[in-house]
Every structure is written in C-alpha cells, then in structure tokens.
Protein chains: 2
Amino acid sequence: MTQSTETTSYKDIKQTVLGRIRSGEWRPDTLMPNEEDLAVEFSCTRTTVNRALRELAEEGFLERRRKAGTRVSSAPQRQARFTIPLVRDEVEAMGGTYRYALVSAQAETAPEWLAARLALTPGQRVVHVRCMHYSGNTPFQFEDRWIVINSVPQVEQADFSAIGPNEWLVQTVPFTNVELSFLASRADATLAGFMDVTEGEPVFTAERITWLQGQPVTLAKMYFAAGYRMTTRL
Amino acid sequence: MTQSTETTSYKDIKQTVLGRIRSGEWRPDTLMPNEEDLAVEFSCTRTTVNRALRELAEEGFLERRRKAGTRVSSAPQRQARFTIPLVRDEVEAMGGTYRYALVSAQAETAPEWLAARLALTPGQRVVHVRCMHYSGNTPFQFEDRWIVINSVPQVEQADFSAIGPNEWLVQTVPFTNVELSFLASRADATLAGFMDVTEGEPVFTAERITWLQGQPVTLAKMYFAAGYRMTTRL
DNA sequence: GCACTCAATTTGTGTAGACTTGAAATTTTT
DNA sequence: AAAAATTTCAAGTCTACACAAATTGAGTGC
C-alpha cells in the first residue's frame with residue numbers, strides 16, 4: 001500500500017487526539033486505547049500512531065508507561081520553549097537596524113565572586129568585555145561578559161571592536177553545556193547611563209554560563225531595555 | 001538482521017554526532033554526510049539515522065533542508081526549554097512546605113486595560129482573584145488573576161479559599177492556547193506589603209494569558225519573591 | 001496474608017523497502 | 001542574459017514486520 005492519496009499522517013493523528021483531549025472526550029487521567037487499536041481506528045500502522053503519541057507525550061499532553069498504557073496528562077507540566085535568538089536577529093526581527101558598540105575589553109584577575117561562581121582556582125585570569133547592542137540608536141541590550149583565558153587562550157588576541165563576544169565565541173569554541181537564568185535586577189548608575197533608564201529601575205536580565213567539557217568558558221550578564229518582555233506562545 | 005546483540009541505536013548516533021560537533025570535527029555550517037552514508041557508517045538503516053538527526057535538529061544542533069542536506073547549526077542552543085511547574089510543585093521541589101492563601105475574589109466589570117489586552121467586548125464581566133503562595137511562612141509568589149465569566153460561567157460558583165485559581169482552572173477548563181511572558185516590574189505598595197520587599201524593588205514577573213478555542217479565558221500576573229531566578233540547563 | 005515467580009501486555013526501537021515532497025541545480029526557452 | 005521548465009537529490013513519511021524491555025497482574029507456595 002502506498003501513502004499516495006488518502007493516508008493518515010502522524011500529524012493528523014496528533015490533531016485528532018489533541019482535539020479529543022481539548023473537547024473533554026478524553027479527560028485528564030483517562031487511559032486511552034493502545035497503539036494497536038488506534039492503528040486500526042486510523043487505518044495506519046502502529047509505527048505512525050507511535051510517532052504521534054510519542055510527540056504528544058514529549059509535548060506534555062500524554063504520559064506513557066510500558067504495559068501501563070498511555071493516559072492524558074493530569075498536571076500538564078507544560079514546557080515553555082523560548083527561542084533565544086542572537087541579539088542581531090532579535091533586533092532585525094523587530095524591524096530595527098542592529099548596531100554594536102564595544103565599551104571596554106581588558107584582561108584581569110577574576111574577581112572573587114566570579115571565581116566562586118565559575119569554580120575557578122583563585123587568581124585565574126579572565127577577559128572582561130562590556131558592550132552595547134542598539135536597535136537603531138535606541139539602547140537594546142548591555143552585555144557584561146567574562147571569558148576564562150585558560151579555557152580559551154585565543155581570546156587574548158581577539159578584537160572585539162567589530163564583532164561581539166558572543167558571535168566570536170560561537171564561531172570559536174564549541175560548547176557542551178549551558179546554564180541560562182532570567183531574573184529582575186535593578187539598574188545601577190553605570191547601567192542607567194548606558195541604557196538610558198533611571199537608576200534603580202527594574203531591568204530584565206539574562207545570565208548565561210557556558211562550559212566546555214566541564215571547563216567554565218564564560219559568564220555573560222545581559223541587561224535588556226526598559227519594558228522588555230520575553231514572550232512565547234505554547 | 002535483528003537488533004539483539006550489537007545494534008547502533010539512534011541514541012548512540014546522537015551521542016556520536018554531538019561528540020563530533022563538540023570536538024570541533026564538524027564545525028558550525030559544515031555540511032554533514034547525508035542519511036544514507038551515515039546509515040552505512042553506523043551500519044544501521046536510514047530510518048534510525050533519520051530519527052537521530054531529526055531529534056538533534058529539533059534540539060537546535062542541526063539544520064536540515066531537503067535536497068540541501070544537514071548542516072551544523074551556526075547559532076546553536078537557540079531553544080531553551082523551561083518546565084513551568086505548578087507553584088506547589090516548585091515550592092515542594094525546593095524542600096519547602098506549600099501554603100496557599102486567598103486574598104480577595106470578586107466579580108467585576110473588566111477594567112479597560114484588561115478588556116483591551118484580552119480583546120473583550122466592553123463591559124464584560126470577570127472574576128478578579130488575588131492570592132498568595134508561600135513556602136513555609138516565606139512569601140513565594142503573589143498571583144493577580146482575572147477570569148472571564150463568559151468563557152467559564154462556573155467560575156461564579158467556584159470557591160477559591162481552599163484551592164488556587166490555577167489548580168481550579170486546570171481541572172475545569174481544557175485550554176487550547178497559552179501566551180507566556182517574563183518581565184521585570186517594580187513592586188508597588190500593595191505588592192511590597194504582601195511579598196515583604198521594599199516599594200520600588202525589582203520583581204521578576206510572569207504573565208500568562210490562556211484561550212479556549214479563541215475565547216480568552218484568563219490573564220494571570222505572577223510576582224515572584226525578591227532574588228528569584230528562573231534557571232534552565234541546556 | 002505475604003512474598004515470589006512468571007506470563008501477558010504495552011510501549012520502545014530496530015530492519016527493510018518504497019513513495020512523497022521541497023528545493024537546489026541544470027537545461028531549455030524567451 | 002534572464003526567465004521558465006525540468007531534472008535530481010536529500011530529507012520526510014509511510015508500510016510491514018520483528019524483537020526488546022518494562023511493568024502489571026495473576027498464580028503459586030509458604
């Protein structure tokens with residue numbers, strides 16, 4: 001049998017099943033028919049049903065256990081998927097013209113809080129880069145970044161006046177592990193100056209720590225413009 | 001051939017490919033071998049390779065286009081996946097004892113900003129619920145929520161003194177669409193009182209709008225305790 | 001009543017092969 | 001040289017079947 005004219009695709013099955021959940025036909029905790037029965041109902045193979053259900057489970061709508069079967073998720077522990085674009089892309093997506101400006105870049109001994117945060121041995125040296133990302137002439141993001149020299153020796157020769165440290169790192173170092181946090185911080189005097197907000201103002205902030213095979217590579221603090229919100233649709 | 005003793009699983013392939021990316025063997029933008037060739041290399045079927053690559057692409061490591069082939073993502077790690085647990089789960093996961101307290105609940109006409117935000121017809125009525133979530137006796141989250149009566153008529157009979165509006169809604173209304181935002185806001189006098197922070201302090205805030213088949217159901221603003229950060233590892 | 005064993009059931013994952021689809025590359029036409 | 005039609009290739013998806021692995025539930029022995 002070919003799939004030519006009238007096959008049920010795994011996408012159709014996903015849609016139908018989702019519909020039954022949303023309509024209330026299959027309420028939370030309901031045990032649904034097993035894959036074989038569904039395959040008969042949709043007149044396709046179990047493989048196709050399996051893919052549909054597997055994806056729905058991954059998206060948090062279903063819970064599946066061998067032998068126990070598949071049931072509708074009761075506490076839909078929903079997963080939000082945020083796209084974290086490069087600043088340039090984010091600015092351009094909003095119709096702005098991206099502009100980058102280096103503020104400062106210098107090698108120094110890692111301050112204590114940073115050494116503690118990244119589990120560095122005391123006295124390790126880092127490159128501290130500060131830079132601005134603009135949308136047109138409007139401040140969009142202030143980036144405060146430290147790069148561990150031991151992990152990325154080439155960084156001492158890097159020139160951050162034209163290319164941002166993030167883009168440089170992405171091209172240079174493959175990384176294995178990332179920790180990303182979002183928080184609300186308050187604008188200090190420096191930040192207020194750069195971002196054109198009043199001191200003390202709440203600022204949406206992202207922090208990103210990157211490792212390469214267990215070695216800490218970089219910590220970046222990114223401060224967004226006033227009123228910034230990170231939005232996603234599920 | 002059976003998969004009995006020494007088969008290459010799609011997981012093995014994922015691992016190997018990831019390793020090659022991380023080691024720098026396959027740099028960003030590199031065009032990798034096509035599925036058939038990889039199937040030969042790993043001595044498995046194309047189906048298995050396909051699944052491995054498909055998942056890696058979904059995770060953001062690869063970019064695939066028909067005919068053009070598969071290449072290593074140049075801006076990897078673009079998707080962060082946050083699990084959004086119920087407050088109760090989040091508190092308990094941190095070892096705290098969850099406690100809920102209703103602050104106020106009343107039916108009212110939707111204020112203009114809300115009507116505009118949810119595209120309500122003027123004069124529509126909503127139930128406005130405010131409540132606190134504690135970890136032990138420490139304030140954890142202040143929840144400010146509006147529920148559209150038209151979309152959920154049962155809400156007028158609901159009793160939110162024992163069960164939180166979120167848990168009530170999850171049990172009552174299947175929802176089809178969610179918009180989730182994170183932002184930094186400043187604590188006003190009311191919030192400062194409930195959350196035990198000083199007025200003007202930055203507060204990490206999540207806003208969540210939910211629809212049921214195009215009908216707006218609820219808008220929730222959730223204000224987190226001082227110092228809260230939402231963290232994920234990729 | 002309790003612990004143990006074992007078979008049945010259900011999802012998980014693999015093989016082998018074929019057709020479909022979208023987009024890049026090439027050729028033909030204007 | 002530019003535009004349009006055609007070919008070709010790689011990913012996308014389906015069929016059909018098989019064995020693997022986890023867990024449940026029933027049966028057995030004490």
Side-chain angles (χ1 to χ4, degrees), chain A residues 1-18 20-21 26 28-74 77, chain B residues 1-18 20-21 26 28-74 76 78-79:
Chain A
M1 183 83 74
T2 123
Q3 72 184 89
S4 54
T5 42
E6 276 296 328
T7 35
T8 337
S9 127
Y10 76 99
K11 285 180 181 169
D12 301 334
I13 300 177
K14 282 180 75 172
Q15 272 313 106
T16 308
V17 170
L18 254 185
R20 287 184 191 172
I21 293 173
W26 287 345
D29 266 337
T30 306
L31 185 67
M32 30 184 295
N34 69 29
E35 295 186 346
E36 239 171 304
D37 293 348
L38 286 173
V40 171
E41 186 196 326
F42 291 110
S43 53
C44 64
T45 52
R46 192 170 76 84
T47 315
T48 303
V49 173
N50 179 274
R51 176 158 182 194
L53 298 192
R54 175 161 35 89
E55 291 193 0
L56 283 172
E58 200 157 291
E59 288 160 30
F61 295 102
L62 303 176
E63 280 167 17
R64 325 192 69 200
R65 261 164 43 238
R66 280 168 169 161
K67 164 77 182 180
T70 302
R71 54 185 64 225
V72 179
S73 212
S74 53
Q77 190 184 247
Chain B
M1 184 80 74
T2 124
Q3 69 185 94
S4 54
T5 41
E6 274 296 327
T7 37
T8 336
S9 131
Y10 75 99
K11 285 180 182 169
D12 301 335
I13 299 178
K14 282 179 76 172
Q15 272 312 108
T16 308
V17 170
L18 254 185
R20 288 184 191 172
I21 293 172
W26 288 345
D29 266 336
T30 306
L31 184 68
M32 31 184 297
N34 69 28
E35 295 186 346
E36 240 172 299
D37 293 347
L38 286 174
V40 172
E41 186 196 326
F42 291 112
S43 53
C44 64
T45 53
R46 191 168 79 83
T47 316
T48 304
V49 173
N50 180 275
R51 176 158 184 193
L53 299 192
R54 175 162 35 87
E55 291 194 359
L56 284 172
E58 199 157 294
E59 288 160 29
F61 295 102
L62 302 177
E63 279 169 17
R64 324 191 72 199
R65 263 166 37 241
R66 282 167 163 158
K67 164 79 181 183
T70 301
R71 53 185 64 224
V72 177
S73 201
S74 50
R78 320 176 351 181
Q79 303 190 352

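Proteins get letters first, then strands, A, B, ... in listed order; numbering begins at 1 in each.
- A salt bridge (charged side-chain N to carboxylate O under 4.0 Å, His left out) with B:E55 holds for exactly one of B:K14, B:R64, B:K11; it is B:K14.
- Between A:K11 and the phosphate of D:dT13, there is a side-chain N or O to OP1/OP2 separation shorter than 4.0 Å.
- Counting only heavy atoms from C-beta outward, the side chains of B:T8 and B:T48 never approach each other to under 4.5 Å.
- By the side chain to side chain contact (heavy atoms under 4.5 Å, CB included) test, B:R71 pairs with B:D29, B:L31, sequence neighbours left out.
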inquiry  = Output one letter per nucleotide in nucleotides 4-11 of chain D: B when a protein non-hydrogen atom lies under 4.0 Å from the base, S when only the sugar-phosphate is that close, - when neither is.
reply    = ----BBBB
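- For B:R66, there are no side-chain hydrogen bond (donor to acceptor under 3.5 Å, both in side chains) partners at least two apart in sequence or on another chain.
- Comparing the start and finish of the helix from C:dG1-D:dC30 to C:dT30-D:dA1, five pairs each, the helix axis swings through 10°, to the nearest 10 degrees.
- The minimum heavy-atom distance linking B:W26 with B:P33 is given by the pair CZ2-CD, 3.8 Å.
- With C:dG14, D:dT13, D:dT15 as the choices, the nucleotide that has an atom nearest any side-chain atom of A:R51 turns out to be D:dT13.
- In this entry the distance linking CG of A:L38 with C1' of C:dT11 reads 12 Å, nearest Å.
- B:E41 meets the salt bridge (charged side-chain N to carboxylate O under 4.0 Å, His left out) test with B:R20; sequence neighbours excluded.
- Listed pair A:Y10 / D:dC14 fails the phosphate criterion, with no side-chain N or O lying under 4.0 Å from OP1 or OP2.
- One finds the OG1 atom of B:T70 at 15.0 Å from the CZ atom of B:F61 (value rounded to the nearest 0.5 Å).
- For B:R54, there are no salt bridge (charged side-chain N to carboxylate O under 4.0 Å, His left out) partners, not counting sequence neighbours.
- Going from atom CD of A:E58 over to atom C1' of C:dT11 covers 15 Å, rounded to whole Å.
- If you take CZ of A:F42 and P of D:dT13, they are 17 Å apart, rounded to a whole angstrom.
- Among the protein residues, A:S9 comes within range of the sugar-phosphate backbone only, with heavy atoms under 4.0 Å from sugar or phosphate atoms but none that close to a base.
- Proximity of A:T48 to the phosphate of D:dT15: a side-chain N or O atom is located under 4.0 Å from OP1 or OP2.
- In this view, A:A68 and A:R65 satisfy the side chain to side chain contact (heavy atoms under 4.5 Å, CB included) rule, not counting sequence neighbours.
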